[in-house]
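Heavy-atom basis, side chains included; hydrogens, waters and symmetry copies ignored.
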Amino acid sequence: MTSASASESASAGPPGLDLERLRGHLDRARPGLVAGALRGRLIEGGRSNLTYEVTDGTGRWVVRRPPLGHVLATAHDMKREHRVIRALHGTAVPVPEPVLLCEDESVLGAPFYVMEYVDGVPYRSADQLADLGPERTRRAVLGLVDTLVDLHAVDPQAVGLGDFGRPEGFLDRQLRRWGKQLDSSRGRELAGIDELHAALGRSLPASPAPTVVHGDFRLDNVLIGGPDDAIRAVLDWEMSTLGDPLTDLGLLVMYSSDLGLANSPVSTTSGAPGHPAPAELIERYAARSGRDTGAIAWYTAFAWFKLAVILEGIHYRYTLGQTVGAGFDRIGDLVPVFIEHGLTTLQGLRTSENGQEG
């Protein structure tokens, strides 16, 4: 797993990764796996759980654990992440091979799991994609759609994930959940956000048959590599569940849309030369999955709303002095942009529906 920036340690390990304790546990649980002293580095770029690369000089593995000082276990459920990766390994969905799950908090101070290291690059911005050139960018993004179709084609019962979530009422629960999240981060007036939330509630679509959903499916949560720029691994399964597959597609469409902002601290990939338009992504998904995507505007508007709530939460914590770092001072200015995109997208859906009725 490749990242542009990483903090390294040769002996003690980076914060949250006690290499001596980890080595002891691996020797007990998987005798012979590790052949020498471990070195570890934090792979930066993740937004929640911590990800480390670990090597003994010969083999390489990845360790995932909750953030330091984590409070809510349900928000950083290592057992859940490990379970879905283990279930999907061996299907058409590319995931790293799981090595082990450790729920004993005495080892690293929190539950964690170990998986194989996969070579590849997470492309996080249009600028990074531009280095690939138009043809390779197009191939990579269309491959992302095909991988999503493969994920949604997995039979949850067949891979042991039949009880992985509660699909009934999924969209309504999601909408209520993010509405509560918004209420917990209210520190200022946000024009249009309550209107967007209410409009989404009034026009809930009927969900197709439930599938395993990733919950945060986008280009920078996959590793791309090899001469064919294939999706080598899908990462960051912490929000996965059983639910409406079109929520994954809506989020992907949102992240493939133009924000219309220069130098934004939150970027989409749409500006890269060769990047397929959202309409092509939707059409490809529909053709390959056989699902009706006629209501995709609702799912895309919901994605805009969800990201607006997430960004407002970040802004709220920034105003309280609880976040530091470059770019956080500009997050607050983005929220109205995401709200406006959500309202515009929903308006397009209503206009389309009214035209059909007429």
Polar side-chain atom of Glu97 near backbone of Glu116 as donor-acceptor pair, under 3.5 Å: no
Side-chain heavy atoms of His152 within contact of Leu249, under 4.5 Å: no
Test item: Trp237 side-chain N/O and His82 main-chain N/O as donor-acceptor pair under 3.5 Å: no
Check: Leu19 main-chain N/O paired with Arg39 side-chain donor or acceptor under 3.5 Å: no
Contact list for residues 153-169, test salt bridge (charged side-chain N to carboxylate O under 4.0 Å, His left out), sequence neighbours left out: Arg83-Asp163
Aromatic plane relationship, His197 with Phe305 - under 30° parallel, 30 to 60° tilted, over 60° perpendicular: parallel
Any donor-acceptor pair under 3.5 Å from His214 side chain to Asp236 backbone: yes
Working for side chain to side chain donor-acceptor pair (under 3.5 Å), residues Thr51 and Arg64: CA-CA 5 Å; Thr51 307; Arg64 284 271 286 176; 2.9 Å; yes
No-hydrogen, no-angle side-chain donor-acceptor test under 3.5 Å, Thr344 and Glu340: yes
NZ or CZ of Arg80 within 45° of Phe164 ring axis and under 6.0 Å: yes
4.5 Å side-chain heavy-atom contact, Ser207 and Tyr299: yes
pair Arg288-Val145: side-chain heavy atoms closer than 4.5 Å: no
Asp18: side-chain contact (heavy atoms from CB on, under 4.5 Å) partners, not counting sequence neighbours: Glu20, Arg21, Leu108
Pairwise salt bridge (charged side-chain N to carboxylate O under 4.0 Å, His left out) hits with a residue in residues 24-35, at least two apart: Arg23-Asp27
Side-chain donor/acceptor of Thr137 to backbone N/O of Leu129, under 3.5 Å: yes
Intermediate values then yes/no, side chain to side chain contact (heavy atoms under 4.5 Å, CB included), Asp244 and Val213: CA-CA 7 Å; Asp244 188 326; Val213 296; 5.7 Å; no
Lys/Arg-Asp/Glu bridge criterion (N-O < 4.0 Å) met for Arg186, Glu312: no
Polar side-chain atom of Thr55 near backbone of Arg60 as donor-acceptor pair, under 3.5 Å: no
Heavy-atom donor-acceptor pair, Arg139 side chain to Asp228 backbone, under 3.5 Å: yes
Main-chain N/O of Pro111 paired to Asp104 side chain as donor or acceptor, under 3.5 Å: no
Short side-chain to backbone donor-acceptor contact, Asp248 and Phe217, under 3.5 Å: no
Pairwise side-chain contact, Leu346 with Ser203, heavy-atom cut-off 4.5 Å (strictly under): yes
Any side-chain donor near an acceptor of the partner, Glu81 and Asn49, under 3.5 Å: yes
